[in-house]
Amino acid sequence: MKEDLKVSVKTSRIGKVIEPMKAIIGKRDIQSPKKGQVLIKIKSSAICGSDIHIFKGKHPSAPLPMTIGHEFSGDVVEIGEDVTNVSVGDRVTVEPCIVCGTCDACCHGDYGYCENISFTYRNGDGAMADYILVNEPYVYKLPEYLTYDTGALIEPLSVATHAVRRADIRLGETVLVIGAGAIGMLIASICKKSGAAEVIIADFSDERLAAAKKLGATITVNSGKTDLEDEIRRITNGKGVDKSFECVGLEASFLQAMMTLKKNGLATVIGIFENPQINIPASRFVTHEIKIQGAQGYCWDFPIALKVARELDLELLITHHFPLDDIQKALETCLDRKSGSIKVLLHP
């Protein structure tokens with residue numbers, strides 16, 4: 001083991017949300033890697049939208065108290081027996097899912113549909129920490145064109161990659177992305193690279209819309225100033241868009257994703273709904289034969305995202321940096337609309 005990578009401490013700081021709107025730094029013991037495991041010293045950890053839902057106490061699948069953080073990069077500092085894909089000193093990022101490997105979906109290679117799927121932070125291994133212990137199959141080396149900070153964004157880029165692949169974007173299509181957060185911007189960028197002729201992105205923030213334009217969106221719409229459905233009708237001469245992506249998690253944006261589709265169009269829903277019970281015009285499915293699907297996480301998308309990252313200026317998404325001990329302030333910054341935050345990073 002390289003001298004400067006030796007683990008000289010026995011505990012790791014870890015970020016936890018203990019009640020709505022209150023995060024603290026706790027501690028956990030650092031375990032030596034067992035067979036097939038990798039210990040990583042975290043260099044950069046990004047706050048995800050799901051972390052914000054947890055911080056608010058409104059994540060439907062993550063009851064408090066809960067560790068947070070799953071978008072990260074770092075250095076391998078120790079490996080367990082039979083680990084062959086990475087070595088001590090490698091710069092890496094991690095696909096933070098945990099699957100059983102034995103259910104029908106896993107046996108068919110569709111581990112994203114694992115009947116028992118979970119994520120590292122839900123098991124107490126949040127990535128807003130000094131160290132994290134993970135399983136080797138989900139560890140990926142960072143190519144030289146990625147820094148630790150941009151390497152931490154491979155996870156959200158994989159989420160966007162998965163959504164776009166599910167939507168099967170084709171040459172010449174017109175696409176609408178609702179929500180110019182990091183996921184929405186990345187989806188817009190990948191749609192353009194996949195051949196979409198027009199990529200429209202809607203949000204309430206002019207600053208975010210400007211960043212989305214730099215990443216590949218061709219048309220921006222401020223939904224606070226313009227009626228989105230009217231604007232889509234104008235842009236498409238009344239036809240509607242081929243594909244839409246809902247990246248917000250609200251009833252209003254779900255309806256917009258539905259109602260802006262052309263006949264036989266497809267909407268892909270990515271947003272996390274703090275209030276999952278919504279009302280929709282069911283007859284639209286019949287009269288327009290539209291289709292709506294969900295997209296969550298990733299399945300064989302990390303290797304693709306690592307290649308796509310070469311062509312994207314991921315630095316455009318990074319707006320704030322905080323030390324790990326300022327986790328409360330970092331989370332509050334994400335909720336402050338005046339902060340201009342897109343991606344907030346924490347550094348141990």
Side-chain angles (χ1 to χ4, degrees), residues 46-50 52 71 149-150 152-167 169 173-232 234-236 241-250 252-254 256-257 260-261 267-272 295 305 308-320 333-345:
I47 296 177
C48 173
S50 60
I52 299 303
E71 304 177 358
D149 286 350
T150 54
L153 302 187
I154 294 301
E155 195 275 351
L157 181 57
S158 297
V159 172
T161 299
H162 183 71
V164 174
R165 291 176 71 199
R166 276 185 57 74
I169 300 300
E173 288 188 327
T174 298
V175 175
L176 170 65
V177 180
I178 303 172
I183 296 295
M185 290 189 203
L186 291 170
I187 285 174
S189 182
I190 299 172
C191 283
K192 192 68 178 71
K193 292 185 179 299
S194 297
E198 295 288 358
V199 180
I200 308 159
I201 190 164
D203 199 272
F204 287 87
S205 166
D206 287 330
E207 292 79 13
R208 289 190 172 208
L209 291 173
K213 199 76 177 286
K214 292 178 181 178
L215 279 165
T218 58
I219 300 173
T220 60
V221 179
N222 188 314
S223 302
K225 301 175 182 178
T226 305
D227 184 278
L228 180 58
E229 291 183 38
D230 286 345
E231 188 66 6
I232 295 302
R234 184 191 69 79
I235 293 170
T236 63
V241 299
D242 297 285
K243 309 279 175 64
S244 65
F245 293 86
E246 197 286 333
C247 305
V248 181
L250 295 173
S253 50
F254 189 104
Q256 289 172 334
T260 53
L261 288 175
T268 301
V269 181
I270 302 100
I272 295 175
V308 171
R310 181 193 289 272
E311 303 176 23
L312 300 180
D313 187 0
L314 295 176
E315 290 283 355
L316 285 173
L317 297 174
I318 301 170
T319 55
H320 295 76
T333 298
C334 292
L335 287 171
D336 182 1
R337 292 186 177 182
K338 295 181 180 179
S339 71
S341 66
I342 300 174
K343 266 301 177 186
V344 175
L345 270 55

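Only heavy atoms go into these numbers, but all of them, side chains included; no hydrogens, no water, no symmetry mates.
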Q) Do the non-hydrogen side-chain atoms of Ile342 and Ile318 ever get within less than 4.5 Å of each other? A) no
Q. Is a side-chain donor-acceptor pair under 3.5 Å present for Asn222 with Asp206?
A. yes
Q. Where do Ala217 and Ile201 come nearest, in terms of heavy atoms and distance?
A. CB-CG2, 3.7 Å
**Q.** Heavy-atom side-chain proximity of Arg337 to Ser205 below 4.5 angstrom
**A.** no
Q: Could you tell me which non-hydrogen atom of Ala167 sits nearest to which non-hydrogen atom of Lys243, and how far apart they are?
A: O-NZ, 2.9 Å
Q: Could you tell me whether a side-chain N or O of Thr218 sits under 3.5 Å from a main-chain N or O of Val199, the two making a donor and an acceptor?
A: yes
Q | Val175 side chain near Glu198 side chain, heavy-atom distance below 4.5 Å | A | no
Q. Can you tell me if Asp242 uses its side chain to pair, donor with acceptor, with the backbone of Thr174 under 3.5 Å?
A. yes
Q | Distance (rounded to the nearest 0.5 Å) between Ile178 CD1 and Phe245 CZ | A | 11.0 Å
Q. Within a strict 4.5 Å, meaning less than it, do heavy atoms of the Ser189 and Lys214 side chains meet?
A. no
Q | From SG (Cys191) to CD1 (Ile169), nearest 0.5 Å | A | 4.0 Å
Q | Side chain proximity check, Ile47 to Lys343, heavy atoms < 4.5 angstrom | A | no
Q.
Can you confirm whether Thr150 sits close enough to Asp313 that some side-chain heavy atom of one is under 4.5 Å from a side-chain heavy atom of the other?
A. no
Q: Might you work through the side chain to side chain contact (heavy atoms under 4.5 Å, CB included) test for Ser341 and Arg208, ending with a clear yes or no?
A: CA-CA 9 Å; Ser341 66; Arg208 289 190 172 208; 4.3 Å; yes
Q: Search all heavy atoms of Ala295 against all heavy atoms of His162 and return the closest pair with its distance.
A: CB-CD2, 4.3 Å
Q: Let me see the working for Ile200 and Val177 under side chain to side chain contact (heavy atoms under 4.5 Å, CB included), right down to the final yes or no.
A: CA-CA 6 Å; Ile200 308 159; Val177 180; over 6 Å; no
Q: Nearest 0.5 Å please: distance from the CD1 atom of Ile183 over to the SG atom of Cys247.
A: 7.5 Å
Q | Heavy-atom donor-acceptor pair, Glu246 side chain to Val248 backbone, under 3.5 Å | A | yes
Q. Hey, mind stepping through Thr268 and Ser244 against side chain to side chain contact (heavy atoms under 4.5 Å, CB included) and telling me if it holds?
A. CA-CA 6 Å; Thr268 301; Ser244 65; over 6 Å; no
Q | From CD (Gln256) to CD (Glu229), nearest 0.5 Å | A | 6.0 Å
Q | Inter-residue atom distance Asp227.CG - Arg234.CZ, 0.5 Å rounding | A | 12.5 Å
(Q) How close do Cys334 and Val344 get, counting heavy atoms only, and between which atoms? (A) SG-CG2, 3.5 Å
(Q) Would you say that Leu157 contacts Ile190 through its side chain, given a criterion of any heavy-atom pair below 4.5 Å between the two side chains? (A) yes
(Q) Measuring from atom CG of Leu176 to atom CD1 of Ile232, what distance do you get when rounded to the nearest 0.5 angstrom? (A) 4.5 Å
Q: Of all the heavy-atom pairs spanning Ile154 and Ala309, show the shortest one and how long it is.
A: CD1-CB, 3.8 Å
Q) For the residue pair Ile187 and Ala163, what are the closest heavy atoms and their distance? A) CD1-CB, 4.1 Å
Q. Quick check: does any side chain N or O of Thr226 sit under 3.5 Å from a backbone N or O of Ser223, one acting as donor and the other as acceptor?
A. no
Q | Working for side chain to side chain contact (heavy atoms under 4.5 Å, CB included), residues Phe254 and Val269 | A | CA-CA 8 Å; Phe254 189 104; Val269 181; 3.7 Å; yes
**Q.** Leu317 vs Met185 side-chain heavy atoms within contact, under 4.5 Å
**A.** yes
